Protein chains: 2
Amino acid sequence: MEQPKGTRRQVQKAETRALILESARTLFGTQDYDRVTIRGVATQAGIGLGTIYKHFPNKLSLLAAAFSDDLKRLYRDAMATVPEDRPFKAQFVHISKRFFTFYTTHFSLSRAYLSHLFFYEKEWLDQINAFDEAYVQKMSELIRAGQDKGEIRPEKDADVLAMALLSNYFFVLANCFLREGMRDPDQMADMLAMLIEQTLL
Amino acid sequence: MEQPKGTRRQVQKAETRALILESARTLFGTQDYDRVTIRGVATQAGIGLGTIYKHFPNKLSLLAAAFSDDLKRLYRDAMATVPEDRPFKAQFVHISKRFFTFYTTHFSLSRAYLSHLFFYEKEWLDQINAFDEAYVQKMSELIRAGQDKGEIRPEKDADVLAMALLSNYFFVLANCFLREGMRDPDQMADMLAMLIEQTLL
DNA sequence: CAATTTGGGCGAACATGTTCACTAAATAGA
DNA sequence: TCTATTTAGTGAACATGTTCGCCCAAATTG
């Protein structure tokens, strides 16, 4: 009978990878990004230092891999639970607040991730851009629905507005990292709501 | 007669600092941020490694110090040459394009600077926030003038709009780092113009 | 002017992300 | 089944940002 998990080597590799990711999740979730060392992750996982680099090209990729499932789930959940009968502003705040909550509860981790965004290699960037585009497209749909409901001026270009939305979203997020006083999801959502009220509606 | 430059020690320290900054400007201007090593800066400046840390707390501060004069001059020039008789959009594009040109001609340097923004200590952040606030205030003035001229809806809050402007500005800038196709100042200015057309005017 | 303190300059030492040559076990090929 | 090849696993070695203790000339004190 054929093993669905592949060869023995593949199975073992997958197990090692799981060990690394578990250790990484624990450590990154506990201490600041800079405080977490690759050696620490290796030790806690019970494997050698070099092994980690057989699975992940660098520290940041390890971080990203350790939380990519969480982020994907967060994205799916946020989109799936959008209240369809509420006005556009409420819908957008709903989505944004979910993400803001994640960022503030994983503060140091998110900061490291976003900060290194600009240095990603092409492969990663493509993935991120794809993510962004999906987001923008979803927002476009919501905006068009808002235009149909008469909440948003119909002459505006929904795609451009969606981009502006993403822009405001990142701006609020950046503010959260730059100003100590802006690290509460509710406060961030308020700021975002204020911005889109003056620019979108 | 009293020396205006202070004690001999202060003069020598200032000279050393100037040597470091000159070396840093040369190296950071020539190669990527990561390729520039503190040892390299020290060697080129003809001083010891540890000396640099008597003048700058870390590599990024050195980078910032090396180009802070350029940036201040850029800011002053950009603001001083705003065409007063042109419409708001042209004024904003004028300012933004100056900055975009600087960023694209000092690409690696700007990327490192912006990326590390989120990790600054309080002192630096205060300085940056002050910078931002000055920018927002200036934008507020231009927006109000635009409202008086009838170009921008008068019922909008100029301060919030200025914040949205800053948000769009950073968004375009981030795009320049994330997408290879967006590294031309004219193109960036176009994207910015498109955004504010749909959100501000 | 002598004694003491200060602080700039210095490079060894340290921490840590990353690379590399090596081993051995798994796999493929004969 | 035996041999060759591949590759996960490994830790020493490397590169580099940063810290530390030392030195000594300048500044300060008395």
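Since this is a predicted model, take the numbers as computed values, not measurements. Every chain is numbered from 1 and lettered A, B, ... according to where its sequence line falls, protein lines coming before strand lines.
A centroid separation of 6.0 Å or more is found between the aromatic rings of A:Tyr169 and A:Phe92. B:Phe170 has its ring centre no less than 6.0 Å from the ring centre of A:Phe170. In this structure, the ring of B:Phe67 has its center no less than 6.0 angstrom from the ring center of B:Tyr113.
Rounded to whole Å, atom P of D:dG17 lies 15 Å from atom CZ of B:Phe56. One atom, CD1 of B:Ile52, and another, C1' of D:dT19, lie 14 Å apart when rounded to the nearest Å. For the pair A:Ile47 CD1 and D:dG9 P, the interatomic distance rounds to 7 Å; values are reported in whole Å. If you take NZ of A:Lys13 and C1' of D:dT6, they are 12 Å apart, rounded to a whole angstrom. B:Glu15 places its CD atom 15 Å from the C1' atom of D:dA25, with the value rounded to the nearest Å. Summarising the geometry, the separation between CD1 on A:Ile38 and P on D:dC14 is reported as 21 Å, rounded to the nearest angstrom. The CD atom of B:Gln12 sits 11 Å away from the P atom of C:dC10 (whole-angstrom rounding). A straight line from NZ of B:Lys54 to P of D:dT19 spans 11 Å, rounded to a whole angstrom.
Of the candidates C:dG17, C:dG9, D:dG9, the closest approach to any side-chain atom of A:Thr16 belongs to D:dG9.
Residue A:Thr37 has no polar side-chain atom (N or O) positioned under 4.0 Å from OP1 or OP2 of C:dT16. For A:Lys59 and C:dG17, the shortest distance from a side-chain N or O to OP1 or OP2 is below 4.0 Å. Not one side-chain nitrogen or oxygen of B:Thr51 sits closer than 4.0 Å to the OP1 or OP2 atom of C:dG8.
Between B:Arg9 and B:His55, the one whose closest nucleotide on DNA chain C sits nearer the 5' end is B:Arg9. If you find the closest nucleotide of DNA chain C to B:Leu49 and to A:Arg39, the one lying nearer the 5' end belongs to B:Leu49. Residues A:Arg17 and B:Asn58 both approach DNA chain D. Their nearest nucleotides, taken by heavy-atom distance, put A:Arg17 toward the 5′ side.
Not counting sequence neighbours, B:Asp190 has no partner by the side chain to side chain donor-acceptor pair (under 3.5 Å) test.
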Legend entry - Steps toward ring pair (Phe, Tyr, Trp, His ring centres under 6.0 Å) verdict (B:Phe171, A:Phe171): CA-CA 8 Å; B:Phe171 185 70; A:Phe171 185 71; over 10 Å; no
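At a threshold of 4.0 angstrom between heavy atoms, the contacts of A:Val41 with the nucleic acid are absent.
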Review item, side-chain donor-acceptor pairs of residues 192-200 of chain B, under 3.5 Å, at least two apart:
residue  : atom : partner  : partner atom : Å
B:Glu197 : OE2  : B:Lys89  : NZ           : 2.3
B:Gln198 : OE1  : A:Asp157 : N            : 2.8
B:Thr199 : OG1  : B:Leu195 : O            : 2.8

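Salt bridge absent: B:Glu84 and B:Lys149 never bring a charged side-chain N and a carboxylate O closer than 4.0 Å.
Listed by residue number, the members of residues 19-27 of chain B with any heavy atom below 4.0 angstrom from DNA chain D form an empty set.
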